[in-house]
Asker: 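Provided herewith is a single structure, encoded as structure tokens, for subsequent inquiry.
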Amino acid sequence: MTRTTPPARPDHDAPAGGHAPRTGRANWSAVDRELVHKRAAAEVLVTGLASVDPQLVAVAARWPGDHRLYDRRPGTAGHLLLLVESIRQAGLCTAHRHLGVPLGEQFIFHRIATRLAAPVADLRATEPTRTVTLLEPAPRYRAGRPSGAALTVEVWCGSTRWATAEAHFSCAPLPAYQRLRAAARTRPAATGGRVPGPRDAGVTGRTDGVVRSRLLVDRTDPTFFDHEVDHLPGMLLIDAALRAAAARTDLVGPGPRLSGIDIAFGRFAELGTATWVGTEPADGAADRPAVDVTISQAAGPVARGRVVAAT
């Protein structure tokens, strides 16, 4: 499907610090847990959805006042993780409610990139924050049914547009997904740089500015393993990338400074397989502190990304 350019909307195109998008006239509907693929109510961030026009969707979210992983302090790994999960959930409920993707279809996120657009006040002492996420979905179709979409996202907090994002995902019925997974498991291993082997378990090493450490996976984690999965969740990998980048104080500086992440997934990260997170100085990032992150298994890299920090 060819994407068309939506008409200019002063509220949608307002700069940071301007007027928040006017969605009061929109017909809001509640978002159930199943629409964001969560079982526990405590893990649901989005609360409502409204179709502003055929090419624009507004999603309301309330951020928890206290959560074991999400952090309201701007610039922390947990703060960006909260933002990415809000966008992921907004994309899921948009796909189901706005694009007509049936419940039970399997979703694969290929890339998500987000960047803080404005400073955000410390929200730890306030009531749970309500954000409005505006999504412009550009859907793809196969045989007359939606097969995925590219999302252009703005996140508003009060009257401030404080983050922008892009996300790309595909979706498929369960039988097609199962065939895809079977093919992925038999895919040849990638060639290239060495991936640490079993004898390196638990070891963190540094070579020529590259730091590698093993990702410890807790299958009982109530956030990442809220429901049964057949691979390591993408959000778990994003969390690992953010925390590994934040630990590189030699590259991003001390204290909460992270301001964005751009990560793409090249293959599934299999359960029960050693997973390694490597960080190194970002090429061509002299104008802004940044860390390149590669997440690998024995078969090769599963995700590559860049985490940037505020100057």
Side-chain angles (χ1 to χ4, degrees), residues 6 9 11-12 19-70 72 79 81-107 109 112 114 120 123 126-139 145-146 148-165 167 169 171 173-174 222-229 233-235:
R9 289 176 295 273
D11 53 338
H12 177 51
H19 297 292
R22 295 186 294 272
T23 56
R25 291 174 294 177
N27 185 20
W28 290 92
S29 59
V31 172
D32 299 325
R33 284 174 284 179
E34 61 184 0
L35 291 176
V36 295
H37 303 183
K38 288 293 185 180
R39 289 181 177 173
E43 300 301 328
V44 177
L45 302 178
V46 302
T47 59
L49 179 143
S51 295
V52 180
D53 63 40
Q55 294 174 308
L56 183 66
V57 180
V59 178
R62 287 183 67 84
W63 289 348
D66 186 22
H67 191 280
R68 51 180 295 276
L69 285 176
Y70 304 139
R72 291 194 178 191
H79 181 249
L81 188 71
L82 173 61
L83 172 60
V84 172
E85 175 63 10
S86 300
I87 294 167
R88 189 191 73 88
Q89 292 190 17
L92 291 173
C93 65
T94 296
H96 289 307
R97 280 276 180 83
H98 188 75
L99 301 180
V101 177
L103 290 171
E105 295 230 341
Q106 305 297 302
F107 283 71
F109 275 81
I112 189 164
T114 186
V120 184
L123 304 172
T126 68
E127 291 298 316
T129 303
R130 187 178 189 208
T131 67
V132 175
T133 304
L134 296 175
L135 302 97
E136 292 183 45
R145 58 170 297 279
L151 305 174
T152 302
V153 184
E154 292 183 353
V155 182
W156 291 74
C157 213
S159 61
T160 301
R161 185 182 66 178
W162 67 269
T164 58
F169 69 86
C171 49
L174 182 58
T223 298
F224 299 127
F225 293 93
D226 168 82
H227 55 280
E228 186 176 354
V229 293
M235 288 303 299

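Positions are given from 1 along the sequence.
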Asker: Nearest 0.5 Å please: distance from the CG atom of Leu135 over to the OG1 atom of Thr152.
Answerer: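 Spacing of CG (Leu135) from OG1 (Thr152) equals 9.0 Å.
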
Asker: Hey, does the side chain of Thr114 reach the backbone of Thr164 with a donor-acceptor pair shorter than 3.5 angstrom?
Answerer: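 Looks like yes, one N/O pair under 3.5 Å.
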
Asker: Heavy-atom distance under 4.5 Å between the side chains of Val59 and Val132, does that happen here?
Answerer: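 The answer is no, as the side chains (C-beta and beyond) never meet within the 4.5 Å cut-off.
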
Asker: Is there a donor-acceptor pair closer than 3.5 Å between any side-chain N or O of Asp32 and the backbone N or O of Glu34?
Answerer: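 Side chain of Asp32 to backbone of Glu34: no pair is present.
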
Asker: Quick one: does Pro137's side chain get under 4.5 Å of Gln55's, heavy atoms only?
Answerer: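 Not in contact.
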
Asker: Please identify each residue that fulfils side chain to side chain donor-acceptor pair (under 3.5 Å) with Arg33, with sequence neighbours left out.
Answerer: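 So Arg33 forms no side chain to side chain donor-acceptor pair (under 3.5 Å) with any residue.
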
Asker: Does anything in residues 82-98 form a salt bridge (charged side-chain N to carboxylate O under 4.0 Å, His left out)? List the pairs, not counting sequence neighbours.
Answerer: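 Residue pairs with at least one partner in residues 82-98: Glu85-Arg88.
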
Asker: Quick one, Val153 and Leu134 - any side-chain contact, counting heavy atoms below 4.5 Å?
Answerer: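 They are not in contact (no side-chain heavy atoms under 4.5 Å apart), so the answer is no.
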
Asker: Quick one: side chains of residues 37-50, donor-acceptor pairs under 3.5 Å with protein atoms, not counting sequence neighbours, listed by atom name and distance.
Answerer:
{"unit_1": "His37", "atom_1": "NE2", "unit_2": "His96", "atom_2": "NE2", "d": "2.9"}
{"unit_1": "Lys38", "atom_1": "NZ", "unit_2": "Thr223", "atom_2": "O", "d": "3.0"}
{"unit_1": "Glu43", "atom_1": "OE1", "unit_2": "His67", "atom_2": "NE2", "d": "3.2"}
{"unit_1": "Glu43", "atom_1": "OE1", "unit_2": "Thr223", "atom_2": "OG1", "d": "3.2"}
{"unit_1": "Glu43", "atom_1": "OE2", "unit_2": "His67", "atom_2": "NE2", "d": "3.4"}
{"unit_1": "Glu43", "atom_1": "OE2", "unit_2": "Thr223", "atom_2": "OG1", "d": "3.2"}
{"unit_1": "Thr47", "atom_1": "OG1", "unit_2": "Ala60", "atom_2": "O", "d": "3.4"}

Asker: Taking side chain as C-beta onward, heavy atoms only, is Pro173 less than 4.5 Å from Arg145?
Answerer: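 Contact flag for Pro173/Arg145 side chains = yes.
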
Asker: In sequence, state the C-alpha distance, the side-chain angles, and the governing distance for Leu81 and Leu83, and then conclude on side-chain contact (heavy atoms from CB on, under 4.5 Å).
Answerer: CA-CA 5 Å; Leu81 188 71; Leu83 172 60; over 6 Å; no

Asker: Measuring from Asp226:CG to Met235:CE, what's the distance to the nearest 0.5 Å?
Answerer: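 It comes to 12.5 Å.
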
Asker: Which atom pair, heavy atoms only, marks the closest approach of Leu82 to Pro64?
Answerer: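 Minimum heavy-atom contact is CD1-CD, 4.4 Å.
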
Asker: Please name the pair of heavy atoms, one in Trp28 and one in Ala58, separated by the smallest distance, quoted to 0.1 Å.
Answerer: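 Smallest heavy-atom distance, with atoms named: CZ3-O, 3.6 Å.
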
Asker: Could you grab the distance from atom CG of Leu92 to atom CG of Leu35, nearest 0.5 Å is fine?
Answerer: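 The CG atom of Leu35 is 9.0 Å from CG of Leu92, to the nearest 0.5 Å.
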
Asker: Going by the angle between their ring planes, with limits at 30° and 60°, are Phe109 and Phe169 parallel, tilted or perpendicular?
Answerer: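 Taking Phe169 first and then Phe109, their aromatic rings sit tilted (interplane angle of 30° to 60°).
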
Asker: Looking only at heavy atoms, what is the nearest atom pair of Cys171 and Pro146, with distance?
Answerer: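 That closest heavy-atom pairing would be SG-O, 3.7 Å.
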
Asker: Determine whether Thr133 and Trp156 satisfy the following criterion, side-chain contact (heavy atoms from CB on, under 4.5 Å), listing intermediate values before the conclusion.
Answerer: CA-CA 6 Å; Thr133 304; Trp156 291 74; over 6 Å; no

Asker: Looking only at non-hydrogen atoms, find the nearest pair between Gln89 and Val36 and report the distance.
Answerer: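 Minimum heavy-atom separation between Gln89 and Val36: O-CG1, 3.6 Å.
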
Asker: Between Ala149 and Pro139, what is the shortest heavy-atom contact and its length?
Answerer: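 Smallest heavy-atom distance, with atoms named: CB-CA, 3.9 Å.
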
